[in-house]
> 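Below is one structure. I have some questions about it.
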There are 2 protein chains.
Amino acid sequence: MSRPESELAAGDHIFLAFLLWGPASAYDIKKTMAVSVSYFWSAAHSQVYQQANRLLRGGFIKEKEAPGGRRKRILSLTPKGRRAVTGWLASPASFPEFRNESLAKVFFAAHGDLEKIRAMLLDQRDHHVSQLAEYEGIRKLLELADNPEVPYELMTLRLGIAVEQTCIAWADEVLKDLDRKIRSGRDSGRERRGGSARK
Amino acid sequence: MSRPESELAAGDHIFLAFLLWGPASAYDIKKTMAVSVSYFWSAAHSQVYQQANRLLRGGFIKEKEAPGGRRKRILSLTPKGRRAVTGWLASPASFPEFRNESLAKVFFAAHGDLEKIRAMLLDQRDHHVSQLAEYEGIRKLLELADNPEVPYELMTLRLGIAVEQTCIAWADEVLKDLDRKIRSGRDSGRERRGGSARK
DNA sequence: ACGTTCATGTAAAGGGTTACATGATTTC
DNA sequence: GAAATCATGTAACCCTTTACATGAACGT
């Protein structure tokens, strides 16, 4: 799980970090997140507004109404906010947690319908393929950009891509295994109930 | 994010699924989770008790006091609970989300102290190495067991292992890159501030 | 002009974590 | 028999998600 904790959650620090790039509205941040860090962080659109309020209350950011008909609050870092980001960047990180519901279903597959599990996995595989394509697209864009941060962004992207590839390869392997089991199960008549003793 | 939703969260379904193996106390489930699905699911110890209460209220499980001095509530599936697990196993899964704070720090590394980032990454690498060792240990145990579920458990474990390996390889690569940057930064005097225009 | 997307939020509910507590077993 | 750890919980807090809303800009 987590370990450090200054007083702000990781998501809030990331929110603040985006303001290192310059002032932006909550909506801007949400949009930027979606195309830049989606492979390792995400937030519901409603959340960025709540984060903005929280961080405003805490004095980490300040706001300024933007001119124009459209109501738009431009957020920027206060000195306190900037210190918070810097401190965060210099401290250890919590360890990643993997939450993977599909793995849980495979784990308990002996108690379920293998064909359904197979369908679910195929769905997951499709998702990983499209994620991979998206990340490759981001990579193309990044490689064209000229900016001192790009090398770091590419580094993180490399992991995103590698993980997707790992997941796809894994899914293919498991899919093959499942097919074999399904076929052999069909050959030998209806499947057996698998409720043997454990532990 | 998520998609299905029967009315129970994924974690609750997983809780129920463990009861497919037979009656157990909340504590048993927590312990079992730690040595079997920790690489794709985890829960604070306090949570399993809350889940137990929730599922009890919902009629998915029933409890029975165990004999003996120690108070111990043995939980087991009700027909409704069993239906819930079965339905869950037969439905699509939500897509995995990766939450990785350390990647965020690398992403914004241009605004931080590279040596600190490097230290953080080393820490993360260590963690992945020890996770990997743990999973290999679980694999050894599983390979000795004789149980129709083992093949499925091994399948999921394979992904856990592959992901850790991917993370370690990635960390090594990035560590090398960072070292190079740190060294070249030192050679050419103090580092430059990286605040160039973006977008 | 009208529908759609953009942009902006609020409210409620809930899962999950941290912190707090405590009796029973085991260990030395 | 004291200490450690096992086993079992409760309470509070809060991040996060879902659902609900709404006005402005834009395309056609």
> To the nearest 10°, let me know how far the axis at one end of the helix from C:dA1-D:dT28 to C:dC28-D:dG1 is tilted from the axis at the other, five pairs an end.
30°

> In terms of hydrophobic clustering (I, L, V, M, F, W, Y; side-chain heavy atoms under 4.5 Å; direct or indirect links), are A:Met155 and A:Val35 co-clustered?
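No, separate clusters.
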
> Please give, in whole Å, the distance from C:dG23 C1' to B:Arg73 CZ?
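In whole Å, C:dG23 C1' lies 15 Å from B:Arg73 CZ.
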
> Can you list the residues that meet the salt bridge (charged side-chain N to carboxylate O under 4.0 Å, His left out) rule with B:Asp177, with sequence neighbours excluded?
A:Arg158, B:Arg180

> Any side-chain N or O of B:Lys30 less than 4.0 Å from the OP1 or OP2 oxygen of D:dA7?
no

> Please produce a list of atom pairs where a protein N or O lies less than 3.5 Å from an N or O of nucleotides 11-15 of chain C.
residue: C:dA11; atom: N6; partner: A:Gln50; partner atom: NE2; Å: 3.2

> Would you kindly give the CG-to-P distance between B:Leu56 and D:dT10, to the nearest whole Å?
11 Å

> Using the six-membered ring of A:Tyr135, assess whether NZ or CZ of A:Lys140 lies under 6.0 Å from its centre and within 45 degrees of the ring axis.
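The answer is no; the distance or angle limit is not met.
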
> Calculate the interatomic distance between A:Asp28 atom CG and C:dC6 atom P; express it in whole Å.
14 Å

> Test of understanding: with side-chain hydrogen bond (donor to acceptor under 3.5 Å, both in side chains), list the residues that count as partners of A:Thr166, not counting sequence neighbours.
B:Thr166

> Check whether any side-chain N or O of A:Asn53 sits under 4.0 Å from OP1 or OP2 of C:dG9, and answer yes or no.
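No, because none of the side-chain N or O atoms of A:Asn53 sits under 4.0 Å from OP1 or OP2 of C:dG9.
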
> In a table with atom names and distances, give each donor-acceptor pair under 3.5 Å that connects a side chain of residues 80-87 of chain B to protein atoms at least two apart or in another chain.
residue: B:Lys80; atom: NZ; partner: B:Gly58; partner atom: O; Å: 2.8
residue: B:Thr86; atom: OG1; partner: B:Arg82; partner atom: O; Å: 2.8

> Honestly, is B:Lys30 close enough over B:Phe18, meaning NZ or CZ under 6.0 Å from the six-membered ring centre and within 45° of the axis?
no

> Would you kindly compare A:Gly11 and B:Ala26 by the position of their nearest DNA chain D nucleotide and give the one closer to the 5′ end?
B:Ala26

> Could you tell me how far apart A:Trp41 (CH2) and D:dT17 (P) are, to the nearest whole angstrom?
10 Å

> Expressed as a whole number of angstroms, how long is the span from B:Lys31:NZ to D:dT5:P?
16 Å

> Separation of B:Met33 atom CE from C:dG16 atom C1', in whole Å?
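One finds 12 Å between C1' of C:dG16 and CE of B:Met33, rounded.
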
> Does B:Tyr27 make a side-chain N or O approach to OP1 or OP2 of D:dA7 shorter than 4.0 Å?
yes

> Could you give the CD-to-P distance, from A:Glu101 to D:dT17, as a whole number of Å?
15 Å

> For B:Tyr49 and C:dC20, give me the distance from atom OH to atom P, rounded to whole Å.
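Atom-to-atom, B:Tyr49 to C:dC20, this comes out as 19 Å.
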
> Taking for each residue the nucleotide of DNA chain C bearing the nearest heavy atom, is the 5' side occupied by B:Gln51 or by B:His45?
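Counting from the 5' end, the first nearest nucleotide belongs to B:Gln51.
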
> Do A:Glu149 and B:His111 have side-chain N/O donor and acceptor atoms under 3.5 Å apart?
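Yes, side-chain donor-acceptor contact under 3.5 Å.
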
> Ignoring hydrogens and angles, write down the donor-acceptor pairs under 3.5 Å from the side chains of residues 44-53 of chain A, residues two or more places apart or on other chains.
residue: A:Gln51; atom: NE2; partner: A:Gly11; partner atom: O; Å: 3.1
residue: A:Gln51; atom: NE2; partner: A:Asp12; partner atom: OD1; Å: 2.9
residue: A:Asn53; atom: ND2; partner: A:Tyr49; partner atom: O; Å: 3.4

> Are A:Trp41 and B:Glu101 linked by a side-chain donor-acceptor pair shorter than 3.5 Å?
no

